[in-house]
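Comments concern the structure below.
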Amino acid sequence: MTGSPARPLRIGNASGFYGDRFDAMREMLTGGELDVLTGDYLAELTMLILGRDRLKDPAAGYARTFLRQLEECLGIAHERGVRIVANAGGLNPAGLAERVRELAGRLGIPVRVAHVEGDDLRARHPDSLAAHAYLGGFGIAECLRAGADVVVTGRVTDAALVTGPAAAHFGWRPGEYDRLAGAVVAGHVLECGAQATGGNYAFFADHALDRLRRPGFPLAEIHADGTSVITKHPGTGGVVDTGTVTAQLLYETAGARYAGPDVTARLDTVRLTQDGPDRVRIEGVRGEAPPPVLKVGLNRLGGFRNEVTFVLTGLDVERKAELVRRQMQDALGAAKSAPDEVRWDLVRTDRPDADTEERASALLRLVVRDREAEPVGRAFSGAAVELALAGYPGFHVLAPPGKGAPYGVFEPDYVPQDAVEHVAVLHDGRRIAVPPAPDARVLEEVPGPPLPAPLPPGPTRRAPLGLVAGARSGDKGGDANVGVWVRSDDAWRWLAHELTADRFRELIPESRALPVTRHVLPDLRALNFVAGGILGEGVAAQYRFDPQAKALGEWLRSRHLDIPEALL
């Protein structure tokens, strides 16, 4: 796939998760010029879902949506000469590659299909439902260099879907760290689809709502030196500006070093500039040798859970909540076996003298977990339902509790790079071993940069942080990442001194007993916080109200601080 270094490589994205907009593949293929179309279908929760699929059917374990999309779009991609690279193979990339060949044969489309394997480490972790190493992009590059039209992978890093095609196109080799780091940053911006084009954007209210109703998906014009421009197809919805790109750069990252199997990208070297309407240039990215280990995602069944939400309406909400707590405790205590874990959360959504019943009601959520199904099943459901005529006045629930359901647990692990057999399986059946990076560097924190001079004293006003700062948050296992950025130098002078780790804990009370780490990225006017353990055992465990911390940043923006009036 080696191309002309003088011409940028145009890589688009058509999926940010398993279940993303189905028509995006067709829209990206028909909306403008592309060389490569990628799709990211995998997440920690997705691997658990695919693992459970494969328990029922050993031939399953891949994202079935991808095949349905290809049925409509493979011919278009072939006609336009667009290569397709996707991690939709999940737990079974070889099986998906064979299904794609069968589909192409049935449609009469002459395409060459390759896949990447070696990420599956379940043999090392027999108690896990899924155990997969995060591979880099050079297996994808080998497949493309050999002429593949479609490449499917299992677990690779999200950015590998971009670094692989870029390495193949420009002839990059392992060790070209600055170029690879530039492609990693571009890949990180693209990986979540419309989040780079105005989706989930903190300052969405600055734009006409019609513009954001259906954001287009992003693409990157990548150059031979690793610089890139993030844009979208002409005429599509959404917006691409330094704000939307900054938000996505901060998403689910932590410090200045963003580590991967091919390179560690230095996020503190990223420079963003507006390069025209809906065009943001990324340059200056420096790269370092990757860590000597690969991350491994372990998914296992943690046990069983059930829940019920009691609706408490009108007066005496606290006493109603206490009554139902005691009644449920008595009932569960009298059962043959009580659940291992019982968690109550009272959400005061009620208002005094409300003009609707909904506004007069609070929600009391009860979640139970156990290693076995029985304690959270019939005994729990029966105890909740039997209170219908014997509980607090106005008793009702949002939905009757069911039988209970299994929940998953995510755990990270690490293995030496050379312990994983990364293999590119070409369209003609040849197998090419992909060696680990030529050198390695143990990952260390970058020393904190100097802070800007604080703003001079002046009048302040109590107001929401979000009037000044944007935020984007997400999950990494049991931890939550919250990136916060501002759009002016004066706002940065204030934010860098005001929003410390201690102030974060003050504003987010459930983090007060947890380790909170703050990372400073001055060139982005940004801070990144990691709240360790706030999500318990990960999204599949459904530990908190917002189990993936998707809205944690918006909660932070809604909290009030004393903000300089000059910034408001």
Side-chain angles (χ1 to χ4, degrees), residues 40 42 85 87 116-121 124 131-143 153-168 170-191 222 225-228 249 251-270 282 284-298 412-424 432-447 476-477 481 519 521 528 530:
D40 179 10
L42 301 184
V85 179
N87 61 12
V116 176
E117 59 186 41
D119 60 301
D120 191 342
L121 300 182
R124 292 172 175 259
H132 293 262
Y134 290 72
L135 303 180
F138 280 99
I140 295 170
E142 291 288 357
C143 294
T153 76
R155 201 35 150 158
V156 295
T157 64
D158 300 336
L161 301 176
V162 170
T163 59
F170 295 115
W172 297 343
R173 297 295 174 183
E176 297 188 54
Y177 293 133
D178 289 348
R179 292 181 173 90
L180 289 167
V184 162
V185 169
H188 181 59
V189 174
L190 294 190
E191 70 183 58
I222 300 180
D225 62 356
T227 61
S228 63
L249 275 177
Y251 181 64
E252 296 182 348
T253 60
R257 286 191 165 106
Y258 185 58
D262 299 322
V263 62
T264 294
R266 289 289 297 264
L267 298 183
D268 57 343
T269 63
V270 176
I282 301 176
V285 187
R286 300 297 303 274
E288 299 171 344
V293 294
L294 296 180
K295 181 179 177 180
V296 180
L298 304 178
D413 193 16
Y414 297 88
V415 297
Q417 283 225 23
D418 58 9
V420 174
E421 297 180 2
H422 186 178
V423 177
I432 298 179
V434 179
D439 52 359
R441 176 174 178 168
V442 175
L443 197 65
E444 298 176 343
E445 290 290 342
V446 175
K476 282 292 183 185
N481 300 80
H519 304 279
L521 299 169
N528 219 334
V530 180

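In this text, all values refer to a predicted model and were calculated from it rather than measured experimentally.
With hydrogens and angles ignored, the 3.5 Å screen pairs a side-chain donor or acceptor of Asp262 with a backbone N or O of Gly137. Put simply, the side chain of Asn481 gets close to the backbone of Thr253: a donor and an acceptor are under 3.5 Å apart.
Scanning both residues, Gly164 and Ala141, for their nearest heavy atoms gives O-CB, 3.5 Å. The two residues Arg173 and Leu180 have their closest heavy-atom pair at O-CD1, 4.2 Å. Leu42 and Gly154 get closest at one heavy-atom pair: CD1-O, 3.6 Å. Looking at every heavy atom in both residues, Glu117 comes nearest to Leu135 through O-CD1, 4.0 Å. Contact detail for Pro174 and Pro438: the closest heavy-atom pair is CB-CD, 3.6 Å. Among all heavy-atom pairs drawn from Ala183 and Val162, the shortest one is O-CG1, 3.7 Å.
Residues Pro290 and Gln417 are in side-chain contact: their nearest non-hydrogen atoms beyond the backbone lie under 4.5 Å apart. The closest side-chain heavy-atom distance from Lys295 to Thr157 is not below 4.5 Å. Counting only heavy atoms from C-beta outward, the side chains of His188 and Tyr258 approach each other to under 4.5 Å. Residues Arg266 and Val446 form a side-chain contact, since some pair of their non-hydrogen atoms from C-beta on lies under 4.5 Å apart. Side-chain atoms of Asp119 and Val420, non-hydrogen and from C-beta on, never get closer than 4.5 Å to each other. Here the side chains of Phe138 and Pro435 are not in contact, with every heavy-atom distance at 4.5 Å or above. Side-chain contact between Leu161 and Glu191 is absent, with no heavy atoms from C-beta onward closer than 4.5 Å.
One finds the OH atom of Tyr177 at 14.5 Å from the CH2 atom of Trp172 (value rounded to the nearest 0.5 Å). With rounding to the nearest 0.5 Å, the separation of CG in Asp225 from CZ in Arg179 is 7.0 Å. To the nearest 0.5 Å, the span separating CG on Asn528 from CG on Leu267 amounts to 8.5 Å. In this structure, the separation between CG on Leu190 and CG on Asp158 is 11.0 Å, given to the nearest 0.5 Å.
Judged as a salt bridge (Lys or Arg N to Asp or Glu O under 4.0 Å), and not counting sequence neighbours, the contacts of Arg441 are Glu288.
Considering Thr269, Asp268, Asp178 in turn, Asp178 is the only one that fulfils the side chain to side chain donor-acceptor pair (under 3.5 Å) rule with Arg286.
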